[in-house]
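Everything numeric here is computed off the predicted structure, so don't read it as measured data. Residue numbers run from 1 in the order of the sequence given.
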Amino acid sequence: MNITHPLIKPNTMEARIYQQTMVANALRKNTLCVLGTGLGKTAIATLTIAGILSKNNNKYKNTKSKILNKKVLIIAPSRPLVEQHYNSLKTFLNIPEDKIIVLTGKIAPAKRQKIWEEGKIFIATPQIVENDIVANRVNTDDFALLIADEAHHTTGNHSYSFVASVFRNKSHILGLTASPGSNIEKILEVCKNLGIEHVEIRTIDDIDVKEYVQTVKLRPIKVELPKEFAECINLLKQAQMERLKILRDHKIIYSTNVNKTELLQLQKRIMVIEDNSKYELIKIASEAIKLDYAIETLECQGKEAFLNYYERLSSQDTKSAKAIIKDSKVLKVAYTLRTTELEHPKTEKLLEVVNDVLNKEEGKKEKKNTNNTNNIDDNNINNKTIIFAQYRDTVEKIVNLLNSNGIQAIPFVGQSNKDGKGMSQKKQIEAVEKFKNDPNVNVLVSTSVSEEGIDIMSVNFVIFYEPVPSEIRFIQRRGRASRGEGGECIVLITKDSRDEGYYWSALNKERKMKRILKDMQKILNEKLNEENAHKYIIEDKNTIDYHINKENNKMAEKENNKIGDTNGKISIEEDCKNNVKKEIKENIKGIIENKNNNVLLNKCSTKPVKIIVDSREKIISRYIYDKADLEFKALDNGDFILSDRVIVERKTAEDLESSIIDKRLFKQLKDLKKYERPILIVEGNDYFRLSEKIINGTMVSIMLDFNIPVIFTKDMEETANILIKMAEREQLRDKRTISIRTGKKPMSLKERQRFIVESFPDIGALMAENLLIKFGTIENIVKASVEELREVEGIGEITAKKIKSVLTEKYEK
């Protein structure tokens, strides 16, 4: 039986009771649907879109734009998944295809603004939507529905959270996820960020789902490391233990039996130490972390992955990396692996498993051909496999291995990284389509990028090159094999290694999640009902107060024009009560539904100031886009331009430390001086790399030597508020324009003199000032002897000799 609906194409969608039940609830309230991979999250999204677009819902009766031009937005975490939604909607929805639009960053911003106005259903990554919201290219009031696919991303500072915060009080919300995780507090955070009022959960154990569930058999295969590998790993562990004992002796750790998470947290713990030993201890902790990664790489990936990591360490210019590659034990490991022909046993086992899988599927195909004399479509016979690997180097190695053994395999990895390796979004989409449609391509080898939502219907086999400890990722990877007739998930495990720990960790977390899910729907809905009830009480009161104040203001204005009217006060009170009762009665239902409470306020909002924002400052723009018109540009200087004379450089505490260490800071401050009123904002106070003495000294230099004010803020929100206040003062009170200075500000005589002296060897701004004060003129500095130069504070014999050398040595071609 198929779905019958005017907005669903006939005979395209199977009618499933559990999906229809979930959609019915999703149309009534903002809903989070938790549904296993392959059970039809796409169908639920499509049916909800059809319901919203065809329903003249009372909750929108006071929002005229939503009646006249209802729009839908779907956000998904990756471009391939965006394309998948697009293709599904074209297949199922009875809506003109030119009204279903994929938005990408390759579409020019001005063109995107026009598309937002003309389209009906939009699919995009949340980053694209965020960019267009903060740049005022999209009118979010036009939307009746937001669908957040892979909704478990709606946490923290993710773009999902920002988009949800904008839409949740304006439109209906549907969240979709296959695996929300085993932490109920995190799920509640997702619900809060999306404005969820109801949760629908279905697992493979539910009666109405069982008939649609395909069984996936889980088969772990263990391999044993050769003696040479085991000896190398033992050497690496000895090298790591030497570092851990030092940390233990300094009371940084209490036992040398620490895990990866504990290692990664050590540096922050060390920074609270008062004496200078902390810098050496930080280096040792960094070495322990690097060795931990090296051990895991060799145990679980193989010698090639280890040697690639060793080469990367060799190219790093850090003390910890240099210490590792010079360690005698590490050098011995590198030499042993370079001179052995042995490979990790997973390599041979993987080739064996893939051959077995393909031969098994070929046997099925021959059997069907024998039993069926009619022509059959070969594409209906499943002979495809997905292999998951953690690292891109491993993916490349597996693809080469399979291709060299006559098995056609293609890679599927994330976008380009700093090493230039990766696949563009276009290449990712082409790879998925080729794998699905080309009968000659048997294997897709992928990193985690294909875990979420990619619909590859013909896959019956999934192979893990190594286990993953995350239950969410484990479920999503295994779920690729549930889309066919019910398949098999094969996990390669190195004996007595972290592989075993990760495997059992994921299974235990999955069992825990299933236990929680059994009771979660009831628990979550009870919690959400309590929270929403409290919220509605507050909103009702605030909205009533708003309308009362509004009517008071109206009546007060009338009374100001009634000179000599002695009954004015009584009239205000009674008229206000009558008008408020009428208006509240019309609006209170929409308020309780949590849809209309901000409509009137939004109509009155204005953006009286403009701020030019550096294109890299996207996250903080979330806090100011609704208070100012933002123009994004790649700024050569500063991060925010507030007027023709005010420019602001924003630095977090971490960025400030980095810019002091790599000496970017003072160059940036010089560039800010092109503006009359440069300002530095320092956000946060979590300094871990530099001492308080260095930070304070730098602040003094900035304020006294550069004459640049420094403003300290606790977080992005406080920074945003200060930016708005400064922009309002400059543009509204002082009527100043806003512009970008591209040319250099003309130097004064003093600045030119300092500039020349600063060009001397090892001379900075402060020392240049000291030299000019001591000698009066540049000419006198040039004539000064080494001994006279040394009389200036901060200049030693070496620096003095360098200066004299530059001034007196003959220039040679």
**Student:** Y293 and Y309: aromatic ring centres closer than 6.0 Å?
**Tutor:** yes

**Student:** For E130 and S159, test the side chains for any donor-to-acceptor distance below 3.5 angstrom and give the result as yes or no.
**Tutor:** yes

**Student:** Would you say L218 and Y503 make side-chain contact, with heavy atoms under 4.5 Å?
**Tutor:** yes

**Student:** May I have the list of side-chain donor-acceptor pairs in residues 223-230 shorter than 3.5 Å, sequence neighbours left out?
**Tutor:**
none

**Student:** Are the side chain of D438 and the backbone of K434 linked by a donor-acceptor contact shorter than 3.5 Å?
**Tutor:** no

**Student:** Taking all non-hydrogen atoms of both residues, which atom of V199 and which atom of C191 are closest, and how far apart?
**Tutor:** CG2-SG, 4.1 Å

**Student:** Using atom types as modelled and distance alone, determine if a side-chain donor or acceptor of S161 lies under 3.5 Å from a backbone N or O of G156.
**Tutor:** yes

**Student:** Looking just at side-chain N and O atoms, do T154 and N193 make a donor-acceptor pair shorter than 3.5 Å?
**Tutor:** no

**Student:** Determine whether the aromatic ring centres of F435 and F412 lie less than 6.0 Å apart.
**Tutor:** no

**Student:** Taking the side chain as C-beta and beyond, is there a heavy-atom pair between Y86 and I100 under 4.5 Å?
**Tutor:** yes

**Student:** Compare all side-chain heavy atoms of F474 with those of L507 and state whether any distance is below 4.5 angstrom.
**Tutor:** yes

**Student:** Quick one: does V491's side chain get under 4.5 Å of E466's, heavy atoms only?
**Tutor:** no

**Student:** Just verifying a value: how many Å separate H85 NE2 and K90 NZ, rounded to the nearest 0.5 Å?
**Tutor:** 14.5 Å

**Student:** What's the separation between atom OG1 in T42 and atom CG in L81, rounded to the nearest 0.5 Å?
**Tutor:** 8.0 Å

**Student:** Under a 4.5 Å cut-off applied to non-hydrogen side-chain atoms, are Q301 and Q390 in contact?
**Tutor:** yes

**Student:** Are side-chain heavy atoms of T125 and I128 found at a separation under 4.5 Å?
**Tutor:** yes

**Student:** Can you tell me how far CG of L492 sits from NZ of K349, rounded to the nearest 0.5 angstrom?
**Tutor:** 8.5 Å

